[in-house]
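In what follows, a structure is listed as structure tokens, so that the remarks can point back to it.
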Amino acid sequence: MLVCVYGINGAKGFVQGFWQLLVILSIMNLMDRLLVDGYWVGHTNAWTIPGTEDLKPYITAKDKQKKWIFGTVGMAAIAAALARIMMFLMEN
């Protein structure tokens, strides 16, 4: 991802790198929430364990809410950290 943002897209500086990283990470977070948690875990039999069918959904609404909040804040923190690391590496 850093190669794409700084190498291919040519991001210069913290702000450009941060926003590009944040967009990429946010899209990854969105795909995880909608496709993995929402569809694959919630609507397929891939996660069905014999004898636990009555326990569905495995990811409760409260857990989904926590994952959305921590995912959004976490992706921003990760994007900021990566952008700062790249700024440090580009200075040297």
Side-chain angles (χ1 to χ4, degrees):
M1 186 169 40
L2 292 174
V3 171
C4 293
V5 170
Y6 286 93
I8 297 172
N9 290 348
K12 304 283 186 235
F14 176 82
V15 175
Q16 287 182 353
F18 171 76
W19 282 112
Q20 289 184 39
L21 289 165
L22 183 61
V23 167
I24 293 168
L25 289 170
S26 295
I27 291 170
M28 288 171 46
N29 186 41
L30 183 66
M31 292 291 120
D32 181 52
R33 298 296 154 249
L34 296 177
L35 294 178
V36 176
D37 293 346
Y39 177 72
W40 185 47
V41 175
H43 293 95
T44 67
N45 290 326
W47 284 78
T48 301
I49 300 168
T52 64
E53 291 84 2
D54 59 327
L55 299 175
K56 280 188 173 184
Y58 297 121
I59 300 174
T60 64
K62 188 170 183 141
D63 288 338
K64 282 184 185 180
Q65 182 182 26
K66 286 180 190 176
K67 288 178 104 174
W68 276 101
I69 292 169
F70 287 118
T72 303
V73 173
M75 293 305 164
I78 291 169
L82 290 173
R84 182 62 194 124
I85 290 168
M86 285 305 295
M87 292 314 314
F88 175 75
L89 293 175
M90 291 171 71
E91 289 172 358
N92 293 331

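- What you find for Leu22 and Ala79 is that their closest heavy atoms are N-CB, 3.7 Å.
- The two residues Leu82 and Leu2 have their closest heavy-atom pair at CB-CD2, 4.1 Å.
- Between atom OH of residue Tyr6 and atom CE of residue Met87 there is a gap of 6.5 Å, rounded to the nearest 0.5 Å.
- Going from atom CZ of Arg84 over to atom CG of Leu89 covers 9.5 Å, rounded to the nearest 0.5 Å.
- Residues Asn9 and Gln16 are not in side-chain contact: their nearest non-hydrogen atoms beyond the backbone lie 4.5 Å or more apart.
- Val36 and Ile27 fall into different hydrophobic clusters, where Ile, Leu, Val, Met, Phe, Trp and Tyr residues are linked whenever their side-chain heavy atoms come under 4.5 Å apart, directly or through other members.
- One distance of note links CH2 of Trp19 with CD1 of Ile24; it measures 13.5 Å at 0.5 Å rounding.
- Within a 6.0 Å radius of CZ in Phe14, more than 12 heavy atoms belonging to other residues, nucleotides or ligands are found.
- Taking CG of Leu34 as the start and CG of Asn29 as the end, the distance is 9.0 Å to the nearest 0.5 Å.
- Under the 4.5 Å side-chain heavy-atom criterion for grouping Ile, Leu, Val, Met, Phe, Trp and Tyr, Met75 is not connected to Val23 through any hydrophobic cluster.
- Side-chain heavy atoms closer than 4.5 Å link hydrophobic residues (I, L, V, M, F, W, Y) into clusters, and following such links, even through other members, never connects Met28 to Val3.
- In this structure, CE in Met86 is found 9.0 Å from CG in Leu21, a value given to the nearest 0.5 Å.
- Transitive grouping of hydrophobic side chains (ILVMFWY, heavy atoms separated by less than 4.5 Å) brings Met90 and Phe88 into a common cluster.
- Contact record, Gly17 with Ala83: C-CB, 4.3 Å, taken as the closest heavy-atom pair.
- A continuous path of hydrophobic side-chain contacts links Ile85 to Met1 [ILVMFWY only; heavy atoms under 4.5 Å].
- Atom CZ of residue Phe18 and atom CD1 of residue Ile78 lie 11.5 Å apart, to the nearest 0.5 angstrom.
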